[in-house]
Chemist: 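Shown below is the structure under consideration.
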Amino acid sequence: MDEYDLLVVGSANADLVIGVERRPAAGETVLGSDLAVHPGGKGANQAVAAARLGARTALLARVGDDAHGRLLLDAQRAAGVDPVGVLVGGAPTGVALITVDPSGDNSIVVSPGANGRLTPEDVRAAAGLFQASRVVSAQLEVPLETVVEAVRHLAPGSRFVLNPSPPRPLPRELLEACDPLIVNEHEAKVILAGADGSGADVGEDPQGWARALLALGPRSVVVTLGAEGALVAWPERVVRVPSVTVDAVDTTGAGDAFTAALACRLGAGASLQEAARYAARVGAVAVTRHGAQESYPTAAEVDAL
Ligand code: ATP
């Protein structure tokens with residue numbers, strides 16, 4: 001038991017980025033910048049963020065037997081993630097094709113590739129990893145049934161953290177395992193609107209979203225609010241966690257840094273409120289730097305903030 005502070009179950013993508021003067025319309029071809037290839041995907045991002053903070057981290061994911069898969073594995077190893085759970089083959093590595101215009105607006109097409117082939121059977125085969133982990137975190141860029149299977153393998157006394165991104169209505173079994181469920185505004189609205197199938201307007205009050213989400217079954221909820229920090233909510237109370245004022249240059253992957261930092265502080269024994277305060281500092285450092293995995297700080301850099 002406790003070989004890992006954090007096991008991340010999730011996606012690994014190669015982000016293929018081209019800068020363009022103008023994003024193309026239907027049927028149009030535009031010339032862009034040189035291609036940049038970055039390791040990404042929410043699962044891989046979270047694992048790198050946690051390992052850079054010093055957490056003993058493993059990643060359960062699937063990549064293709066190709067150059068993008070090797071790039072992702074190299075990035076995991078370089079950050080200190082144990083790649084024992086990264087399965088190889090079955091489909092090409094997941095890819096995000098990203099065009100960015102000078103104003104920073106982007107268009108993204110994702111091919112899930114191998115991420116879509118991370119199966120409940122892969123989770124069952126990794127049962128030993130679950131038994132060795134104090135905290136398990138997941139997102140929704142891999143099949144929902146795979147994430148549901150993951151919560152069936154949690155070690156006694158361990159904790160499950162979910163960032164439901166991209167958001168969709170969630171089964172009660174998954175919601176009840178979350179401690180916490182971590183959502184931004186968009187994710188909160190999609191999950192709440194879909195919860196009763198009505199698509200009803202859920203209002204604009206983050207405290208209201210937190211309470212309504214708790215009613216769906218999670219033991220705790222964290223709502224991230226960008227520069228405003230976050231709300232931490234339990235059935236009996238809600239507290240606000242402030243952010244740190246910084247000059248933000250790129251918020252890509254800030255949510256992944258926040259979730260990873262929170263999960264690994266929980267793994268180190270912190271309370272949820274302490275973990276969220278620390279995560280807000282980590283998110284603040286991440287937005288002062290470009291990129292996702294490249295922007296994630298070490299523990300010393302967070303302490304220096
Ligand atoms: P993304 O989808 O862009 O990765 P997100 O929408 O899931 O992010 P945010 O709420 O934007 O998540 O950010 C997560 C956390 O990062 C925030 O709770 C906050 O602590 C920190 N953060 C984000 N933006 C800023 C900012 N401009 N200044 C300071 N901290 C920030």
Side-chain angles (χ1 to χ4, degrees), residues 6 8-11 41-43 45-46 49-50 135-142 144 147-148 150-151 159-243 251-266 272-273 275-280 282-284 286-287 292:
L6 178 63
V8 181
V9 180
S11 58
K42 290 184 163 293
N45 285 353
Q46 286 189 10
V135 178
V136 175
S137 75
Q139 328 75 37
L140 298 181
E141 290 183 337
V142 296
L144 185 60
V147 179
V148 172
V151 304
R159 206 156 165 159
F160 180 68
V161 175
L162 179 66
N163 173 220
S165 176
R168 71 193 80 158
L170 299 175
R172 183 104 194 165
E173 178 184 6
L174 186 57
L175 285 161
E176 285 180 347
C178 297
D179 192 11
L181 176 74
I182 303 180
V183 290
N184 64 17
E185 172 179 344
H186 171 64
E187 292 148 9
K189 287 180 171 173
V190 171
I191 290 170
L192 289 171
D196 61 2
S198 67
D201 182 7
V202 297
E204 294 298 329
D205 170 26
Q207 293 214 20
W209 304 332
R211 284 196 206 90
L213 286 166
L214 282 165
L216 301 177
R219 290 175 226 181
S220 55
V221 167
V222 174
V223 182
T224 63
L225 301 168
E228 306 295 309
L231 290 181
V232 182
W234 300 264
E236 57 293 347
R237 69 192 176 111
V238 181
V239 295
R240 189 170 198 114
V241 171
S243 191
T251 63
T252 310
D256 297 332
F258 181 97
T259 298
L262 184 146
C264 66
R265 290 312 296 160
L266 290 177
L272 178 56
Q273 193 172 340
R277 277 184 182 277
Y278 187 78
V282 172
V287 301

Chemist: Where do Ala215 and Arg172 come nearest, in terms of heavy atoms and distance?
Modeler: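 Looking at all heavy atoms of both residues, the shortest contact is O-NH1, 3.6 Å.
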Chemist: Does the side chain of Gln139 come within less than 4.5 Å of Val8's, by heavy atoms?
Modeler: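 Val8 reaches Gln139 side chain to side chain.
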Chemist: Rounded at 0.5 Å granularity, tell me how far CZ in Arg159 sits from CG in Leu272.
Modeler: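 The CZ atom of Arg159 sits 5.5 Å away from the CG atom of Leu272.
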Chemist: Could you please spell out the steps behind the side chain to side chain contact (heavy atoms under 4.5 Å, CB included) verdict for Val221 and Val238?
Modeler: CA-CA 9 Å; Val221 167; Val238 181; over 6 Å; no
Chemist: Using side chain to side chain donor-acceptor pair (under 3.5 Å) as the criterion, point out the one residue from Glu187, Glu185, His186 that pairs with Lys189.
Modeler: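 Testing Lys189 for a side chain to side chain donor-acceptor pair (under 3.5 Å) against Glu187, Glu185, His186 leaves exactly one candidate, Glu185.
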Chemist: Considering all heavy atoms of both residues, which atom of Ala276 and which atom of Val232 are nearest to each other, and what is their separation?
Modeler: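 Shortest heavy-atom separation between Ala276 and Val232 comes out as CB-CG2, 3.6 Å.
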Chemist: Looking only at non-hydrogen atoms, find the nearest pair between Ala260 and Ala49 and report the distance.
Modeler: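 Minimum heavy-atom separation between Ala260 and Ala49: CB-CB, 3.7 Å.
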Chemist: Of all the heavy-atom pairs spanning Arg168 and Leu144, show the shortest one and how long it is.
Modeler: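 Reported closest heavy-atom pair: NH1-CB, 3.8 Å.
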Chemist: Are the side chains of Leu170 and Leu140 in contact, using a 4.5 Å heavy-atom criterion?
Modeler: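 They are in side-chain contact.
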Chemist: Quick one: does Arg240's side chain get under 4.5 Å of Glu228's, heavy atoms only?
Modeler: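 Yes; the side chains approach each other to less than 4.5 Å.
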Chemist: What pair of heavy atoms forms the shortest contact from Val239 to Trp234, and how long is it?
Modeler: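 Where Val239 meets Trp234 most closely, the heavy atoms are CG2-CZ3, 3.9 Å.
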Chemist: For the residue pair Val135 and Leu266, what are the closest heavy atoms and their distance?
Modeler: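 Where Val135 meets Leu266 most closely, the heavy atoms are CG2-C, 4.1 Å.
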Chemist: Rounded at 0.5 Å granularity, tell me how far CG in Asp256 sits from OG in Ser137.
Modeler: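 Interatomic distance, Asp256 CG to Ser137 OG, rounded to 0.5 Å: 9.5 Å.
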Chemist: Would you mind reporting whether Phe258 and Val222 have side-chain heavy atoms less than 4.5 Å apart?
Modeler: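 In short, these two side chains touch, coming nearer than 4.5 Å.
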Chemist: Checking side chain to side chain contact (heavy atoms under 4.5 Å, CB included) between Phe160 and each of Val151, Leu181, Val9, which is the one that passes?
Modeler: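 Going through the options one by one, the only one that passes is Val151.
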Chemist: Is any side-chain heavy atom of Pro242 closer than 4.5 Å to one of Arg277?
Modeler: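 A side-chain contact under 4.5 Å exists here.
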Chemist: For a quick check under 3.5 Å, do Asp179 and Ser220 share a side-chain donor-acceptor pair by atom type?
Modeler: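 A pair is found: one side chain offers a donor N or O, the other an acceptor, under 3.5 Å apart.
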Chemist: Looking only at atom types and distance, does a side-chain atom of Thr252 sit under 3.5 Å from a main-chain N or O of Ala292, one as donor and one as acceptor?
Modeler: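 Between the backbone of Ala292 and the side chain of Thr252 there is no qualifying donor-acceptor contact (under 3.5 Å).
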Chemist: Decide yes or no for Leu213 and Leu175: does some side-chain heavy atom of the first lie under 4.5 Å from some side-chain heavy atom of the second?
Modeler: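 A side-chain contact under 4.5 Å is absent here.
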Chemist: In Å and rounded to the nearest 0.5 Å, what is the CG to CZ distance from Leu192 to Arg211?
Modeler: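 Answer rounded to 0.5 Å: 12.5 Å.
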Chemist: How about Thr259 and Leu162: do any of their side-chain heavy atoms sit closer than 4.5 Å?
Modeler: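 SC-SC contact between Thr259 and Leu162 ruled out.
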Chemist: Okay, side chain of Glu141, backbone of Lys42: is any donor-acceptor separation there less than 3.5 Å?
Modeler: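 Yes.
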Chemist: Side chains of Leu262 and Pro180: does their closest heavy-atom pair fall under 4.5 Å?
Modeler: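 Heavy-atom side-chain distance check passes, below 4.5 Å.
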